[in-house]
Amino acid sequence: MKANCWYGAGDVRVEQVPDPKILNRRDVILKVTSTAICGSDLHLYNGLMPTMKAGDILGHEFMGEVVEVGSEVNNLQVGDRVVTAFPIACGRCLFCRQELFSLCENSNPNAWMAEKMLGHSPSGIFGYSHMLGGFAGGQAEYARVPFADVGTIKIPEGIPDEQVLFLSDIFPTGYMAAENCQIRGGDTIAVWGCGPVGQFAIRSAFLLGAERVFAIDRFSERLRMAEEGGAETIQYEEEGVYDRLMDMTGGRGPDACIDAVGMEAHGPGMLAAYDRMKQAVGLESGRPYALREAIMCCRNGGTVSIIGVYGGFIDKFPIGSVMNRSLTIKTGQAHVQRYMRPLLERIQRGEIDPSTIITHRMRLNEAPEAFAKFNRKEDRCVKIVLKP
Amino acid sequence: MERQDAGRSSTLDEPTVADRHASHPVRSARAGAPSRRDSARGATDHTHEFLARTLGWFSIGLGLAELLAPGRVARMAGLKDDHRLLLGASGLREITMGLGILSERRPAGWMWSRVGGDALDLALLAGALSGSQGNRKRTVAAMLAVAGVAAVDCFASRRLSRMAGWTTDDGAVRVNTSIVIDSSPESLYQFWRDFANLSRFTEHVEAVTIYDRQHSHWVVKGPAGYRVEWNAEITEDEPNRKIGWRTTSYAEIEHQGSVEFTPAPGGRGTMVHVEMDYHVPAGVLGASIATLFGNEPGQQIQSDLRRLKQIIEVGEVLRSDGSLTGKGRLPQRSAQPAEATA
Ligand SMILES: [Zn+2]
Ligand SMILES: [Zn+2]
């Protein structure tokens with residue numbers, strides 16, 4: 001089959017590789033019908049994620065048709081159309097039973113690597129380094145899905161791929177970011193980063209009862225998309241984010257702040273340059289400019305919800321601001337399996353149309369061009385869907 | 001449908017996880033055997049800590065010099081000015097390690113990072129030498145100085161490793177690790193007591209032949225097809241609680257070990273605690289055996305226990321494309337399907 005393989009920073013290639021086979025009893029094999037490039041794939045593309053190996057198949061956002069079913073999968077049949085959750089989760093361990101699926105204790109065969117980096121290991125993830133399992137990803141013609149009875153949702157006929165593909169990651173991820181804000185009716189929420197996850201965080205905040213949402217980015221097309229989602233926007237290169245937010249909230253600050261940027265934040269000034277330098281020499285694995293600003297802007301007693309991906313260590317973390325002002329920090333990789341059903345129902349009820357964030361539709365063959373385009377934010381690129 | 005209840009958040013107060021942390025061999029030793037060792041520690045241990053502290057300050061000093069006066073350091077080491085940038089990076093590294101060493105009481109991990117840093121410096125200097133830029137004599141002198149520091153770093157690291165509980169006083173390697181499994185002490189005891197099951201979840205145990213209720217024969221796979229075998233006898237057998245064993249007569253890896261099963265608090269499964277002391281023989285054989293157990297004793301057994309947990313909780317060992325056997329420490333393949341899968 002054809003698959004998009006990683007070979008190093010800035011180097012992905014579509015290659016011929018063997019077809020996947022059932023390896024465990026709760027596996028299924030999918031014939032992939034749609035797959036997407038995630039913002040977090042760019043961390044791999046830019047070589048910021050340790051424990052990648054040449055030849056690794058990328059992609060954790062995919063859906064398709066079941067073509068083979070393991071002996072212990074009782075809820076799926078050949079021919080079913082399903083979307084796959086990006087965290088791999090057994091459904092039986094202590095964490096899975098509490099619906100903390102991205103913390104599954106049984107789904108990372110290389111947990112020891114993650115333990116070295118993080119202290120403890122999270123769940124395995126498709127196509128996202130050996131530290132997170134060494135699982136082949138879904139930017140391919142076929143994909144193996146372990147624990148498929150827990151990690152997939154069946155899609156009823158009549159709903160097109162583009163409406164449901166993002167149940168695999170970015171819609172639940174953005175939704176969880178908003179849910180973590182513990183929104184009460186009338187709250188104001190600020191969102192740093194208007195990439196795909198930020199877009200879903202904005203829309204989810206409204207679904208959960210927010211009254212005003214402020215969206216912060218520098219790309220005009222992303223800010224326009226945020227406006228279409230109902231947000232008031234701040235172009236951070238043109239105006240000071242802190243001052244503008246205080247202006248709009250009577251000096252109190254937003255009730256909750258969402259960092260939907262993560263470890264490759266851009267920002268103005270000395271501190272951002274300092275972060276860039278330290279990241280370049282490997283002393284800091286993230287550039288936490290957006291996170292620092294989100295903390296400083298949040299109102300007293302408010303919540304900072306971190307959903308942008310961080311990999312290791314950051315510097316100059318304003319812990320004094322967090323402590324003295326009783327802030328709550330909530331974060332985590334999305335527990336996707338928890339949200340797939342209720343969010344599918346919202347899509348079916350017409351409360352949200354996830355396909356509106358798609359800006360580019362390309363063939364799997366064009367993955368290298370697609371990555372380059374997305375990485376450089378060329379051509380007003382926000383979200384790319386690939387068709388095998 | 002609305003799933004907003006704050007109770008189901010990701011902040012899980014999970015005593016089992018905390019416990020596993022506490023019994024990790026590197027971070028802290030469990031009560032019992034290690035404390036015996038602690039009291040036996042003499043004044044020399046404080047000397048080693050002092051040595052580490054001195055090296056920590058040395059790191060910071062050197063780092064500041066490299067950062068603030070790269071030109072002078074470069075000239076002192078006989079390097080050309082275009083090595084300034086590298087020296088700056090190496091300066092930041094030195095400062096980080098220095099602070100790391102000083103901020104921990106038993107800074108074994110940070111000390112080993114100094115050894116790694118020494119290797120980097122030597123590589124940098126060797127590069128300068130082969131490029132024949134700058135002053136060769138000074139570069140050679142700098143290399144000798146770095147090599148000397150590296151030797152001290154190695155010595156201090158080994159001593160500190162021993163103090164951190166990686167090895168015991170008589171030179172045996174101590175492994176002390178545990179995991180929580182969602183099952184009863186009874187069924188876990190039953191599973192483990194049938195030694196034939198061990199090859200299902202341990203990375204290197206190839207086969208166990210049971211002679212009788214007390215005696216068994218083990219075949220263990222090492223690197224490059226090398227095999228180790230030994231006879232073992234049960235030394236302790238408390239049904240549903242504890243099993244102890246040791247190697248008998250001549251064994252290439254002389255060791256003793258025990259596994260304990262205790263109910264986790266709150267009815268959240270069973271804590272499985274493994275403790276092992278083993279003697280690694282000297283020489284080439286010893287070196288290959290050391291790689292068998294991994295650089296960091298305990299990591300290996302921790303991975304084995306994780307697979308035991310998978311077998312008990314989900315029925316089989318999970319495999320990925322990168323680790324086709326599910327046994328992650330073996331060489332990793334690329335994460336793409338294999339041609340023919342086992
Ligand atoms: Zn993603
Ligand atoms: Zn699980």
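Worth knowing before you read on, the calculation uses all heavy atoms, side chains too, and leaves out hydrogens, waters and symmetry mates. Residue numbers start from 1 in every chain, and the chains themselves are labelled A, B, ... in the order their sequence lines are given, proteins ahead of strands.
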From [X] atom [atom1] to [Y] atom [atom2], the distance as rounded to the nearest 0.5 Å:
| X | Y | atom1 | atom2 | answer |
| --- | --- | --- | --- | --- |
| A/I88 | B/L318 | CD1 | CG | 7.0 Å |
| A/C90 | B/K309 | SG | NZ | 8.0 Å |
| B/I312 | A/R92 | CD1 | CZ | 12.5 Å |
| B/D321 | A/D56 | CG | CG | 9.5 Å |

| N-O pairing of A/E115 and B/R306 below 4.0 Å |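 Judged by the 4.0 Å cut-off on N to carboxylate O distance, A/E115 and B/R306 do form a salt bridge.
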
| request: Inspect the contact between A/R97 and B/D182 and indicate whether a charged nitrogen and a carboxylate oxygen are less than 4.0 angstrom apart. | output: yes

| Which residues share a side-chain contact (heavy atoms from CB on, under 4.5 Å) with B/S320, sequence neighbours left out |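 B/S320 satisfies side-chain contact (heavy atoms from CB on, under 4.5 Å) with A/P109, A/F135, B/S323 once adjacent residues are dropped.
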
| task | Quick one: list whatever passes side-chain contact (heavy atoms from CB on, under 4.5 Å) with A/V150, sequence neighbours left out. | result |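 With sequence neighbours excluded, A/V150 shows a side-chain contact (heavy atoms from CB on, under 4.5 Å) to A/R26, A/F101, A/Q337, given in chain and number order.
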
| message | Shorter than 4.5 Å, heavy atoms on both sides: which option in B/G269, B/G315, B/S334 has the most such pairs with chain A? | response | B/S334

Given that the side chain runs from C-beta out, which part of [X] has a heavy atom under 4.5 Å from chain B: side chain, backbone, both or neither?
| X | result |
| --- | --- |
| A/F147 | side chain |
| A/S107 | both |
| A/A54 | backbone |
| A/P20 | both |
| A/D27 | neither |

| request: State, to 0.1 Å, how close A/P18 and B/A338 come at their nearest heavy-atom pair, and which atoms those are. | output: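 Reported closest heavy-atom pair: CB-O, 3.7 Å.
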
| task | Check A/V17 against B/P337 and note the closest heavy-atom contact, atom names and distance. | result |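 Nearest heavy atoms, A/V17 then B/P337: CG2-CD, 4.5 Å.
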
| Pair B/E316, A/N24: side-chain N/O donor-acceptor within cut-off below 3.5 Å |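 The criterion, which ignores hydrogens and geometry beyond distance, is satisfied for A/N24 and B/E316.
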
| task | Consider only side-chain N and O atoms of B/E313 and A/N106, and report whether a donor and an acceptor are under 3.5 Å apart. | result | yes

| Is there a donor-acceptor pair closer than 3.5 Å between any side-chain N or O of B/Q336 and the backbone N or O of A/G55? |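 Indeed, once roles are kept as given, a pair shorter than 3.5 Å links the two residues.
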
| query | Can you tell me if B/R333 uses its side chain to pair, donor with acceptor, with the backbone of A/G134 under 3.5 Å? | reply |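 Not at all, since once roles are kept as given, no pair shorter than 3.5 Å links the two residues.
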
| query | Pick from A/M1, A/M52, A/R144: which one has the most heavy-atom pairs with chain B under 4.5 Å? | reply | A/R144

